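Okay, structure first, notes after.
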Amino acid sequence: MSELEAKPVSTNNKLGLAKSDYLGGKSTLCVGCGHDSITNSIISSFHASNISPYDVAKMSGIGCSSKTPGYFLSKASGFNSIHGRMAPVSTGAKVANQKLITLGISGDGDTASIGLGGFVHLMRRNVPMAYLVANNGVYGLTKGQFSATSEKGSRSKAGGSNPFSMIDLCSLALDVGCTFVARSFSGDAKQLVPLISAAVKHNGTALIDIISPCVTYNNHEGSTKSYNFYKDHKVILQELGLILPEQEILADYDPGSTTRVDMPDGSILTLKKLALDHDVTNRWAAQQLVHESNSRGEILTGLLYIDEKSQNFLQTLDLTERPLSELGETETRPSAQVLSDIFKEYR
Amino acid sequence: MSELEAKPVSTNNKLGLAKSDYLGGKSTLCVGCGHDSITNSIISSFHASNISPYDVAKMSGIGCSSKTPGYFLSKASGFNSIHGRMAPVSTGAKVANQKLITLGISGDGDTASIGLGGFVHLMRRNVPMAYLVANNGVYGLTKGQFSATSEKGSRSKAGGSNPFSMIDLCSLALDVGCTFVARSFSGDAKQLVPLISAAVKHNGTALIDIISPCVTYNNHEGSTKSYNFYKDHKVILQELGLILPEQEILADYDPGSTTRVDMPDGSILTLKKLALDHDVTNRWAAQQLVHESNSRGEILTGLLYIDEKSQNFLQTLDLTERPLSELGETETRPSAQVLSDIFKEYR
Amino acid sequence: MQKKINDFVINVATVNGSGSQSANTILIKSLFRMGIPVGGKNIFPSNIMGLPTWFVIRANKNGYTCMKREYDMVVAMNVATVLDDLKSVNPGGVFLYNEDLKVEASLLRKDTLNISVPFRKLVDQATDQLKLKKLLANTIYVGILSHLLDIDYEVLISVIKDQFADKAAVVASNLKAIDVGRAYAAENLTDTLIGDFPLKLEKMNKTQGKILIDGNTAAGLGLVYGGCTFASWYPITPSTSLVESFARYANRYRKDKDGKNTFAIIQAEDELAAICMVLGAGWSGARAMTATSGPGLSLMAEASGLSYYAEIPTVIWDVQRTGPSTGLPTRTQQADVGFAAHLSHGDTEHILLFPATPEECFEFGQTCFDLAEKFQTLVIVMSDIDLGMNLWITDEIKYPTKPFERGKVLREEELKQMPQFLRYQDKDGDGIPYRTLPGTHHPAAGFLTRGSGHNEKAQYTENNVQYQTVLDRIVKKFETAKKHVPKPIIETQVGAKVGIIAFGSTHWPMLEARDILKTQGLATDYLRLRAMPFSPEVHDFIKSHERIYVVEQNRDSQMLKLILMEYPQYATRLISIRNYDGLPLDAVRISEPLLKLEKSS
Amino acid sequence: MQKKINDFVINVATVNGSGSQSANTILIKSLFRMGIPVGGKNIFPSNIMGLPTWFVIRANKNGYTCMKREYDMVVAMNVATVLDDLKSVNPGGVFLYNEDLKVEASLLRKDTLNISVPFRKLVDQATDQLKLKKLLANTIYVGILSHLLDIDYEVLISVIKDQFADKAAVVASNLKAIDVGRAYAAENLTDTLIGDFPLKLEKMNKTQGKILIDGNTAAGLGLVYGGCTFASWYPITPSTSLVESFARYANRYRKDKDGKNTFAIIQAEDELAAICMVLGAGWSGARAMTATSGPGLSLMAEASGLSYYAEIPTVIWDVQRTGPSTGLPTRTQQADVGFAAHLSHGDTEHILLFPATPEECFEFGQTCFDLAEKFQTLVIVMSDIDLGMNLWITDEIKYPTKPFERGKVLREEELKQMPQFLRYQDKDGDGIPYRTLPGTHHPAAGFLTRGSGHNEKAQYTENNVQYQTVLDRIVKKFETAKKHVPKPIIETQVGAKVGIIAFGSTHWPMLEARDILKTQGLATDYLRLRAMPFSPEVHDFIKSHERIYVVEQNRDSQMLKLILMEYPQYATRLISIRNYDGLPLDAVRISEPLLKLEKSS
Ligand SMILES: Cc1ncc(C[n+]2csc(CCOP(=O)(O)OP(=O)(O)O)c2C)c(N)n1
Ligand SMILES: Cc1ncc(C[n+]2csc(CCOP(=O)(O)OP(=O)(O)O)c2C)c(N)n1
Ligand code: SF4
Ligand code: SF4
Ligand SMILES: [Mg+2]
Ligand SMILES: [Mg+2]
């Protein structure tokens, strides 16, 4: 937060809001915790995207990462729920009021262990929301046990080695049908801000698996989720840009090296090729890419997969336009005639 | 069961047991239910593998599929537990007595919905057991709702179409580190019997995803888990054989077309190429193969992946040789001296 | 011999999956349309095909249509249970059995009228189609019974036509089978040939203005009319049919002008997800519910505490089945009440509703949300298999006109008028705080809902005083709730010193039991609980009776204990009567122990 | 002014993650080694770094070492709480604060001795190393206190050396910091300069043969000695340190001759998995347990019912924290007892154990398995944060010699002698059936364990009589258990008419409270519950007292209600005294309400 507070917040966005209007309470995380950087990128993204905080639902589970909704957008409503249940709670919240711009932030413990079922089934349903995982490879809040996203062989602070297969959240998400899959790094605001903006606009569930170092329990030598490990092993897939509908197409947009993805609201996501050629609309190519990159020991970040043409959960449910939460007797109570018609069946 | 009862059970196995010694109670499943065929293959496999029923732990959750442990190996102990919890219950049972030959049978609802977390984490740990899923794409016992293994677009008996992404259990298993992954069909005893035998011998978790039609709720036109759909879309990867340690190498074993996998007990699993070339030791190739085959609308069956060199969960736990369940005061109670040494720390 | 007219019990024993259910429905509906009070108990297995199943039909001119375990007639179609079924016939009753079961004549009873019917042969007369044969065997016994019992033929035909409305071929084949059965009976089962047939039906007019419906169907309809917009659930017997009823009627009658849905129904991945979705939807402001049974209720424990403490409107319909654990999934019990009342770790409490009739299931389809939203808390509706899945005669349900209570929700306009908004403050002195919904466009509206410690401002706190302030206010809220939950219904008799308390499906056998008791000279007053926390009337009732029998369908006297906790001063007045063997409760299992206890008191 | 000697309370207020814990441990250990009875309360936040934390040290020559909320001295190191901390000092007490917090002089109290210390400057004297500065500030206050309070220097040095045993450099830097603190105090904080310092320590010999340990550590050790071979758990405060203690000692002392483990510890993916693994292991025959706290207990509800009904030995250690929901994860309460007693839907019941001391935590490390295996059921050990995570003086634990009870397990040899084996039959008339373990080589051994309906032969049944037979037998089993669970401990006083019932960590303030009451002229008898179901002694105790105060740490009088359910005949004797604000219970919160209630009775 200090970083933000230091910056002069001068430019107002289209809603006339300053960046300071997107701040939250003071963080109580450890100094240097990756999660605080994610907080900053969320603030930047929502400010830049001209989203009114009033329209936002901030969702989380339990963990250090799940505390962050307290630290951004204090004017928005939020639900810091219970451990591992962010996905279903968010599903309910969003379906009951489709107008809510739903941003979830969870931890790797919250998502890949206790919350794994909910996570997978959220993606199967394609519930429109941004699902951010602040992935530090450990249970921060309970003091540093390995989580299921820890690499096999990575070392704990106490020196133990993780003997179990890692769950790669991106590969898993691709496997079960997630329609927006990205990996990023908490410290890479340049990449993370447009990714969050795109995730929020996405027509379905958007997963961003964000490597977010835990300085207290998983930032040592031998950890594969430390600041140093990231620095030494990062491979950045694309340079990302997000052009809002009201903005002019930027001059430096070169169709040769840059792919564009049209977002539902008319924004354009631009992907400028950096490390490798990759077709972000090819699900299985994306999954192979992740596997190959993992096997080279890299941390590959960027947008891995996107599909803006899929049917999202609200469409599947074929909902009336007004939020369900606003429906009263008039909209929901069938007539007396209907009732007596129905009873004919029961005589 | 009737099929079995009809056959004359003449040949005894190495333990001197007839196939009838491997029978269970009378099935109460619907006539024609795929699950009953799985039961038959289990009986054949255990008989052929010379496994004493006394050494077997039959595990299951809740569902029509999970009832099957009542219908085979009635001399074995079994645990028909609660819905979705076969994986952790089996983990406990196996760790507490490593000598138990652990065979689990679950349903697609039991595994891919309520039990998804336990299923994935069992495979991450590589708990030695055979994990059979009797996959019919529906919740049989609760009368035919879609399960998460139903293909997108497949039709329910009432005519509805499944709008959600399918969970492909094999692809998922490959993704999270499972060390033995196979798909089969309940009616294909020729393939299923050696697969079960190999799964039981495997040095870790062995998943067999068995398409097992539900004649009552999912055997209609438009279902992708019906007998007809299987017949029309099956692609069989290999012809499987299992050579027990005491058997001579069979004459027709041709190293050109046949791959061999050495199992921990000295048995040899033979894979004779049929449909396609596939290296069963290449995890990511197997996963791609599944995706490609799915996208062609096929049901690809056979052994997809095997790794006999991984460390299983018992090895990870570095357990003493005697089953934990047998340890008493002598083995577990440290000396009085130790206790008073310990207390020095607390003064 | 005097015939029993409009007052007997028939038990039809078949194999599940054989299609007997539609035959039994035809039977029971025919009686209903003849104007005879009737009830049906479907005693089915937790299995899809091949296990024993029974359908018990009770016709009773006095309107006692609950379970009665003494069968005047048994129709035995299942070889697996035929000998037990034979034992279950009343002396002097009728045992009609399928000849093909090959019951040895020596095993037949002397004190029953035994009728053997060659069903295979008759089926062959009724149809050539192989796949219809199994099904039509059932229709044939309907035909036979219709003759033996004197079921009105017109009525019978009308029922069959309605039942298979769109399918002319099915109607035809069933009518054919009926006729085959009737013809066989007319020819072979005359009194002269088989002896006096002791049972007989006669038209009455006691079902006018009534319907025959199960509680789950009525509840689903009630949800439609009660403004339910969100249902998330995981399939489990016996709650599934409740959600299916909601789905069926919502899909028909809850479309907006563009044909879009004014509701969402989600099949969740498990019960943990189901309840959490409901919490999310309740938080967003929807009238949201889930339905489940015992094992699912257990899985909902953690989230239930969150609902309580974060004060989120939430509704669970628990259609109770026989526990513990998986138990007997298709048998009835009321054994979740103790667990439900304080579901979740820590100090928690929930509002419970106890419907006793399909009518009340319908009514509570609205009440559950009114209370959940008014008190911003979890409401658990405690139904059970007997109420939820069996057929009950009930008055045709009146069209609801009560407006929805949406509770203390502050919108932008109201916030503008307020100096401040404190989410968890007791502003009105009734313990009920105000809430805002997400999406409210006002700077004071937003707050972070949480299940961790919070103060009146909804801020995180670990401060002991701030924590306790919120927790104590919730107690006050539940004090207020006592005055707003559905009051108990009290029925008195002149001179009664003995009070009886019961709830839910126990109500019906209770009515009969009290009449029996009265005949035996024991006047009783009766309080039917409809909700927890208990309203003041419960106290007054207990206070004014020397002995209170608490009748319930569980082993451990769970309701008695809940009453005890609330009114310890009357501890010694409370006496327990229980039945918990999984079968629907009948009157004699109340009246007999009660009389015995009265004699010894 | 008379100094308080060996009888005062110091509260050290710091920021969490600043390393104060090791300084506080040095302080408290030094007092312990001086032979002074001492207790320590760690009031820490649910957070890793930056939130307020307090450590309360109570020295008491009479051995009252439980919580006392009146602080004779506060060491204020946290700017966020300094003003509240100032308020928390007793009149006449000492307020020692960090000068760098810049407390305005005008805010200081007149009735306290205020001491300002320039910590930053002192730290600069103690070290040049930047990253040590924050840490050593804590050691410096230890140095200052050691001088002010007269902590024996030799003892202090010994403690520091032991604490950092292997790390010479750490020892050196800490000793340096101690000396800086002492030197500063000697020079600047003399009575002449600051006024009379009112507190003082003197060596005693009251801690000989004793140890200073928290309940979780003792429990972990108890599991090692109690034959635990299987632990599966999901991390949750405050249960984590219990499993960590088991892991630490098991890894040291539970290796076979080849260095292989005679135990398995599994970090599960959630609590549902954790308990299910324990069920699997218990089924296989291992002494298996899990540890958790409130939210985890809720998640274990479904499987707990399976344990009860399928009769599988299972052990849960519930280290209770403040509920409901996530609640205050680092504050104490005893608010899971009601929920735990009948955890799961349907009719269920579990054995509960209530340890009150680290010694008992150790002992119950074996008892829990003895009971779980003997009764083939779930045993829940109800600890809490105050007991589990705070430091208690306890007698050095005696080496256990009691053999393990493994219950009625039939091996191959026994089966050979038996005509038949019926898994769920009451063969011995005590309600406890026999079981076989999987892997037993005998044709009669195998059966299918299930949570669905089963008969005495362990076969699937939906038959009402067979079902009820098994369910009723379990009631009998729990009757038997009443005579085998740990008996309550009763302490009497001459002439007492008033009885008190308490359990768990309430025990320690209770000892002090009873002495206070006695001073005030009220003699009391005291029964400390150690288990449910209640043994006959509980009945006799209640019967023989006119009034029974049930003292507990939850809002809803949960234990009182459990007692009420068992002994309704004594309902009106039971009076509730509760504290549930999350802080450890102290004596006056018992004695004052009790006296008040006595006066009005
Ligand atoms: C049901 C339940 N079990 C366990 C806990 C304890 N708990 C709190 S946070 C947490 C893990 C957090 O890990 P992660 O989600 O990775 O978040 P991080 O703290 O690393 O950001 C656990 C196990 C809980 N609160 N609830
Ligand atoms: C906690 C819980 N929720 C729900 C149920 C109800 N239930 C029983 S079986 C089943 C699904 C079975 O589906 P599957 O595992 O695919 O098995 P199948 O019957 O299709 O073989 C469900 C939901 C239950 N027994 N327990
Ligand atoms: S413990 Fe780790 S994850 Fe938690 S706040 Fe500190 S650095 Fe962040
Ligand atoms: S319902 Fe389906 S799965 Fe169940 S027994 Fe019948 S055919 Fe098999
Ligand atoms: Mg984490
Ligand atoms: Mg299935």
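As the structure is a computational prediction, the values presented were derived from the model and not from experiment. Here is the naming used below: chain letters follow the sequence lines, and residue numbers restart at 1 for every chain.
Ranked by heavy-atom pairs shorter than 4.5 Å toward chain C, the options I342(A), T91(A), D55(A), V95(A) are led by I342(A). Chain A forms more heavy-atom pairs under 4.5 Å with one residue of I266(C), D270(C), T401(C) than with any other, namely I266(C). Among the candidates A310(C), G305(C), C276(C), the residue making the largest number of heavy-atom pairs closer than 4.5 Å to chain A is C276(C). When the candidates G84(A), P334(A), P69(A), A96(A) are compared by the number of heavy-atom contacts under 4.5 Å with chain C, P334(A) comes out ahead. Between chain C and the options N97(A), V120(A), L327(A), heavy-atom pairs under 4.5 Å are most frequent for L327(A). Counting heavy-atom pairs closer than 4.5 Å to chain A, the top residue among T436(C), I312(C), V159(C), I397(C) is I397(C).
Counting non-hydrogen atoms of neighbouring residues, nucleotides and ligands closer than 6.0 angstrom, the NZ atom of K206(C) exceeds 12 such neighbours.
The part of L100(A) that comes within reach of chain C is its side chain, from C-beta onward, which places non-hydrogen atoms under 4.5 angstrom from that chain. Residue contact with chain A, scored on non-hydrogen atoms closer than 4.5 Å, is absent for Y460(C). For chain A, the nearby part of L306(C) is the side chain; its heavy atoms alone come within less than 4.5 Å. Neither the backbone nor the side chain of M86(A) comes within contact range of chain C; no heavy atom of the residue lies under 4.5 Å from a heavy atom of that chain. Heavy atoms of A274(C) lying under 4.5 Å from chain A are absent altogether. For R125(A), the part lying under 4.5 angstrom from a heavy atom of chain C is the side chain only. Both the backbone and the side chain of Y225(C) come within contact range of chain A, judged by heavy atoms closer than 4.5 Å. F362(C) touches chain A through its side chain: at least one heavy atom from C-beta onward sits under 4.5 Å away, while N, CA, C and O do not. Neither the backbone nor the side chain of R423(C) comes within less than 4.5 Å of any heavy atom of chain A. Proximity to chain C is limited to the backbone of A76(A), based on heavy atoms less than 4.5 angstrom apart. Heavy-atom distances place the side chain of T217(C), and not its backbone, under 4.5 Å from chain A. At a 4.5 Å heavy-atom cutoff, the contact between F230(C) and chain A is made by side-chain atoms alone. With a 4.5 angstrom heavy-atom cutoff, Q366(C) touches chain A only via side-chain atoms. For a residue to count as touching a neighbouring chain, one of its non-hydrogen atoms must lie under 4.5 Å from one of that chain's; by this rule I265(C) touches chain A with the backbone only. Within the 4.5 angstrom heavy-atom criterion, no atom of I275(C) approaches chain A. Interface residue S52(A): only side-chain heavy atoms are found under 4.5 Å from chain C. Residue D256(C) touches chain A through its side chain alone, counting heavy-atom pairs closer than 4.5 Å. When heavy atoms are compared at a cutoff of 4.5 Å, A273(C) approaches chain A by way of both its backbone and its side chain. Using a 4.5 Å cut-off between heavy atoms, T262(C) contacts chain A through both its backbone and its side chain.
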- For K75(A) and Y54(A), run side chain to side chain contact (heavy atoms under 4.5 Å, CB included): C-alpha distance rounded to whole Å, both residues' side-chain angles, the deciding distance at 0.1 Å, then the answer. CA-CA 6 Å; K75(A) 295 207 183 76; Y54(A) 299 145; 3.9 Å; yes

- Message: For a side chain to side chain contact (heavy atoms under 4.5 Å, CB included) check, start with the C-alpha distance between L437(C) and W283(C), then their side-chain angles and the critical distance, and finish with the verdict.
- Response: CA-CA 7 Å; L437(C) 301 181; W283(C) 177 76; over 6 Å; no

- Task: Please assess R33(C) against D162(C) for the test side chain to side chain contact (heavy atoms under 4.5 Å, CB included), listing each intermediate value before the final yes or no.
- Result: CA-CA 12 Å; R33(C) 292 201 190 166; D162(C) 290 355; 2.8 Å; yes

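With no hydrogens or angles considered, no side-chain donor-acceptor pair links N216(C) and S245(C) at under 3.5 Å. For the residue pair D318(A) and N261(C), no side-chain donor N or O sits within less than 3.5 Å of a side-chain acceptor on the partner.
Between R406(C) and D370(C), no side-chain nitrogen of the basic residue sits less than 4.0 Å from a carboxylate oxygen of the acidic one, so the salt-bridge criterion is not met. A salt bridge is defined here as a Lys NZ or Arg NE, NH1 or NH2 lying under 4.0 Å from an Asp or Glu carboxylate O, and E412(C) with K416(C) meets this definition. A salt bridge between E329(A) and R333(A) is absent, with no side-chain N of the basic residue lying under 4.0 Å from a carboxylate O of the acidic one.
Proximity of the aromatic rings of F72(A) and F46(A) is defined here by a centroid distance below 6.0 angstrom, and this criterion is not met. Outside the 6.0 Å centre-distance limit, the rings of Y71(A) and H35(A) are not counted as a close aromatic pair.
Geometrically, R287(C) engages F404(C) in a cation-pi contact, judged by NZ or CZ lying under 6.0 Å from the ring centre and within 45° of the ring axis.
One finds the NZ atom of K29(C) at 8.5 Å from the CG atom of L391(C) (value rounded to the nearest 0.5 Å). Rounding to the nearest 0.5 Å places CZ of R450(C) at 9.5 Å from CD1 of I62(A). In this structure, the separation between NE2 on H442(C) and CG on L415(C) is 5.0 Å, given to the nearest 0.5 Å.
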